[in-house]
Amino acid sequence: MAFSPKIRRYLVVFLIIGWSLALFNSALRFNSLRYPLKAKQLYRDNRLLMGTFWEVTSPNKQAGAIVFSEASRIEQLLSKYIATSEISRLNRLGKLKVSADTFYIIKKSQEFCRLTQGAFDISVAPLVDLWGFTNQKFRVPSDDKIRAVLKLMGSDKIILHEKDSVVEFRIPGTRIDLGAIAKGFALDCAVKKLKESKIDNCLINAGGQVYALGDKFGQTWKIAIRGARKSEIAGTLELKNKSASTSGDYQQYFLIGNKRYCHILNPKTGYPAESGISSVTVIADSGLEADALSTSVFVLGKEKAKELAAKFNNLEIKITE
Ligand code: AMP
Ligand code: MG
């Protein structure tokens, strides 16, 4: 059949429009099969827990409640600010049979202590108190007092009785503080609970300590890292099934003149860490690893951080000096 040139032009235009519509339609259907239009909403929920502001973002409405209930459970076990927590009771009694979670995190902390040659040390608790970081009554202690407290510290002062889940301190006066690792552990526990509830996409931000589970409707979760000195954004990270933890000298500190004394202490000297780092972000597969290692790198400094990183898989370290 022969068409006039004018009719042929119309036919071509119709065909192109038809194909375009068909393509657009199938793209829409493909996307809405993966992410039904109704579910393209994100729910945000926040809560104060473990001394910080937790924010949960997820396409699933239940995610916030699941995360908060798990973080609160861990806080009740590990917080030194809760008199009935296992850590407070252990610190008072010097020996205690503890839950599997508490035993696990103390055991992991001992491993980090060995891996960092003592830079990461949960027996830092009496030193944290001495500098006034527990009750915000800051002071520079005398060298005598620092020396006395250092004698209570070290991983050899903590005995783990694996068989009956008992933790015991070798000498009176030793105490532990899980502030450098508990939030990371709580993130991992929360992520486990989310997965058990078939929630595969969620961003948890616990005061700058983050776990990014899955993605946001097919796009990686993006998080901002704040600058060490100014409150502006220093950079952004794209994370999927990873945790990022930042330790910095701007988070808790006091000044005497221009001298800054921060809350991360060097167990070798008894003084606040001065490794030339003002902020470090560690990206790892688990919250526990990211949290423990960001504190460790802050104490160890840039050069030793490289040696430490070589002992782990998939570790990324971003340092601001
Ligand atoms: P983070 O903010 O995770 O780096 O942890 C800092 C907190 O960990 C401090 O507030 C102390 O409670 C505790 N801490 C301080 N220095 C150390 C250290 N060298 N090893 C382990 N925990 C520490
Ligand atoms: Mg930490």
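Since the model is a prediction, treat every value here as computed from it, not as a measurement. All ligand and atom numbering here is 1-based and tracks the order in the structure.
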Asks: May I ask you to identify the nearest protein heavy atom to atom 16 (N) of ligand 1, giving residue, atom name and distance to one decimal place in Å?
Replies: Leu265 N, 3.0 Å
Asks: Compute whether any side-chain donor of one residue and acceptor of the other, for Ser88 and Ser85, lie under 3.5 angstrom apart.
Replies: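 Checked: Ser88/Ser85 side chains pair up, N/O donor to acceptor below 3.5 Å.
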Asks: The Mg ion (ligand 2) and Thr295: any N/O/S contact shorter than 2.8 Å?
Replies: yes
Asks: So, are Lys107 and Glu162 salt-bridged, with charged N and O less than 4.0 Å apart?
Replies: yes
Asks: Is a salt bridge present between Lys193 and Glu196, judged by a nitrogen-to-oxygen distance below 4.0 Å?
Replies: yes
Asks: Does NZ or CZ of Lys183 come closer than 6.0 Å to the centre of the six-membered ring of Phe185, within 45° of the ring's axis?
Replies: no
Asks: Thinking salt bridges, do Asp177 and Lys80 make one under a 4.0 Å N-O criterion?
Replies: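 Salt bridge: yes.
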Asks: Can you report which non-hydrogen protein atom sits closest to atom 15 (C) of ligand 1, along with the distance?
Replies: His263 O, 3.3 Å
Asks: Could you establish whether Phe120 and ligand 1 come within less than 4.0 Å of each other, counting only heavy atoms on the residue side?
Replies: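 For ligand 1, residue contact (heavy atoms, under 4.0 Å) with Phe120 is present.
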Asks: Would Leu293 count as a contact for the Mg ion (ligand 2), in the sense that one of its N, O or S atoms lies under 2.8 Å from it?
Replies: no
Asks: When you measure from the side chain of Ser294 to the backbone of Val282, do you find a donor-acceptor pair of N or O atoms at a distance under 3.5 Å?
Replies: no
Asks: For the residue pair Phe133 and Phe254, does the interplanar ring angle fall in the parallel (under 30°), tilted (30 to 60°) or perpendicular (over 60°) class?
Replies: tilted
Asks: Run the numbers for me: atoms of ligand 1, each under 4.0 Å from some heavy atom of Asp291, listed by number.
Replies: 3 (O)
Asks: Distance to 0.1 Å, residue and atom name: give those for the protein heavy atom nearest to atom 23 (C) of ligand 1.
Replies: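 For atom 23 (C) of ligand 1, the nearest protein heavy atom comes out as Val124 CG1, 3.6 Å.
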Asks: What protein heavy atom sits nearest atom 20 (N) of ligand 1, and how far away is it?
Replies: Asp121 N, 3.0 Å
Asks: Has ligand 1 got any nitrogen or oxygen that is less than 3.5 angstrom from a nitrogen or oxygen of Ser247?
Replies: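 Yes, since at least one N or O of Ser247 sits under 3.5 Å from an N or O of ligand 1.
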Asks: At what distance is the nearest protein heavy atom to atom 1 (P) of ligand 1, and which residue and atom is it?
Replies: Thr295 OG1, 3.3 Å
Asks: I'd like to check which ligand 1 atoms, numbered from 1 as shown, lie under 4.0 Å from a non-hydrogen atom of Pro267.
Replies: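 Taking each heavy atom of Pro267 in turn, ligand 1 has 19 (N) under 4.0 Å.
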Asks: Does the side chain of Leu187 reach to within under 4.5 Å of the side chain of Ser243, using non-hydrogen atoms?
Replies: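 Yes. Closest side-chain heavy atoms under 4.5 Å.
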Asks: Among all protein heavy atoms, pick the one closest to atom 11 (C) of ligand 1 and tell me residue, atom and distance.
Replies: Asp177 OD2, 3.8 Å
Asks: Which of the N/O/S atoms in Asp291 sits closest to the Mg ion (ligand 2)?
Replies: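 Going through the N, O and S atoms of Asp291 one by one, OD1 ends up nearest to the Mg ion (ligand 2).
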Asks: For atom 22 (N) of ligand 1, which protein heavy atom lies nearest, and how many Å away is it?
Replies: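 So the nearest neighbour among protein heavy atoms is Ala180 CB, 3.4 Å.
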Asks: Using 30° and 60° as the class boundaries, would you call the ring planes of Tyr271 and Trp131 parallel, tilted or perpendicular?
Replies: perpendicular
Asks: Should the proximity of Ala119 to ligand 1, defined as any heavy atom under 4.0 Å, be assigned to the side chain, the backbone, both, or neither?
Replies: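 Ala119 to ligand 1: backbone contact only, side chain stays beyond 4.0 Å.
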Asks: For Asn91 and Ile176, indicate whether the former's side chain and the latter's backbone hold a donor-acceptor pair under 3.5 Å.
Replies: yes
